[in-house]
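Only heavy atoms go into these numbers, but all of them, side chains included; no hydrogens, no water, no symmetry mates.
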Amino acid sequence: MNSLCYLQHFRHEFKYVSPENILQIIEHRVKHILQIDKHAKATNGIYSIRSLYFDDIYKNCYFENEDGTDPREKFRIRIYNCSSSRISLELKQKYKGMTHKISCPVSYNDCLKIMKGELPDIKEDSPDLYKKFISQMQTKNLYPVTIVSYERTPYVYSIGNVRVTFDKNIRSSNDIAAFFDQKLTSRPILEQNTNMMEVKYDELLPDYIAELLQTDLLRQTSFSKYYLCRKYCLPRKENSRVKMLEK
């Protein structure tokens, strides 16, 4: 962990896996108290997320998640609704059970280079996060390993900076070249009619919101979508640089 962020910027984050009918009951409670996130209002409360994750040839990010290594971090590139209009490079950091996310924009052309395992140019005014990522592509041989896709319904509440999201149709793909394609070949990573809920907040989750989420049928998981998608993935279509790195 480095000086890019400080502990006070970290948030609590909990993930739960549950049958869809249970999550529907919880969402019915939540939507009467929390508000739909403003970014989802234009798409009837739901938008699709697609993330391209990176790892090294030793699968360190994968095994750190499996082992619960603390602290740890991983890079991803994220798009919404399969659109290239907003491409974000994100660094997800975890420390003492809390998480922090840093992001910066990436151009479409640079993203295409990164998808191929190529190194785009670093400009003097490039964000520090971008410089760190390209540096780790060089020094740690980071390369794209898997795509995670799903549909999200996000709810927010200002007190406590609470965010409750319901993620459906979580799927995995290793067809890196098809990251922007509408018809990405992928496979589900959870059992049929099983989905995920995430709860994020700053210092404190208000009691009346915690009560809305209560049920004995929720199963908390420590594994990330990245880990599950990497574990249950399709055969990867390699590019030349990846083949070279893995020799």
N/O donor-acceptor pair under 3.5 Å between [X] side chain and [Y] backbone:
X    : Y    : answer
N60  : D55  : no
K116 : A177 : no
N195 : N169 : yes
D56  : Y58  : yes
T215 : L218 : no

Do the side chains of [X] and [Y] join up, straight or via other hydrophobic residues, at under 4.5 Å, putting them in one cluster?
X    : Y    : answer
L34  : I46  : no
M197 : I49  : no
I25  : Y155 : no
Y150 : V164 : no
V30  : V199 : yes

query = What's the verdict on salt bridge (Lys or Arg N to Asp or Glu O under 4.0 Å) for E13 and K92, showing C-alpha distance, side-chain angles and the deciding distance?
reply = CA-CA 12 Å; E13 178 179 285; K92 190 76 174 289; 3.4 Å; yes
Between [Y] and [X], is the closest basic N to carboxylate O distance under 4.0 Å?
X   : Y    : result
E66 : K231 : no
D37 : R152 : no
R76 : E90  : yes

For the pair [X] and [Y], name the ring-plane relationship: parallel under 30°, tilted 30 to 60°, perpendicular over 60°.
X    : Y    : answer
H12  : Y201 : parallel
F54  : F133 : perpendicular
F223 : Y227 : parallel

request  = Begin from the C-alpha positions of R78 and S51 and carry the test side-chain hydrogen bond (donor to acceptor under 3.5 Å, both in side chains) through to its verdict.
outcome  = CA-CA 4 Å; R78 175 165 287 188; S51 298; 2.8 Å; yes
task = Go through the steps to decide whether E20 and N193 satisfy the test side-chain hydrogen bond (donor to acceptor under 3.5 Å, both in side chains), and finish with yes or no.
result = CA-CA 5 Å; E20 175 58 22; N193 297 321; over 6 Å; no
message = Here's one to test your reading of the geometry: is the NZ or CZ of K96 within 45 degrees of the ring axis of F10 and under 6.0 Å from its centre?
response =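 Verdict for F10: no cation-pi partner in K96.
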More than 12 heavy atoms from other groups under 6.0 Å of [atom1] on [X]:
X    : atom1 : answer
D67  : CG    : yes
Q220 : CD    : yes
K140 : NZ    : no
H28  : NE2   : no
Y208 : OH    : yes

key: Pair K200-E198, salt bridge (Lys or Arg N to Asp or Glu O under 4.0 Å): steps then yes or no   = CA-CA 7 Å; K200 304 174 186 177; E198 294 186 4; 3.6 Å; yes
request  = Indicate whether any N or O donor in one side chain lies under 3.5 Å from an N or O acceptor in the other, for D175 and T185.
outcome  =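 Per modelled atom types, D175 and T185 side chains form no pair under 3.5 Å.
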key: E64/K94 under salt bridge (Lys or Arg N to Asp or Glu O under 4.0 Å): CA gap, chis, key distance, verdict   = CA-CA 11 Å; E64 284 176 356; K94 191 152 191 175; over 6 Å; no
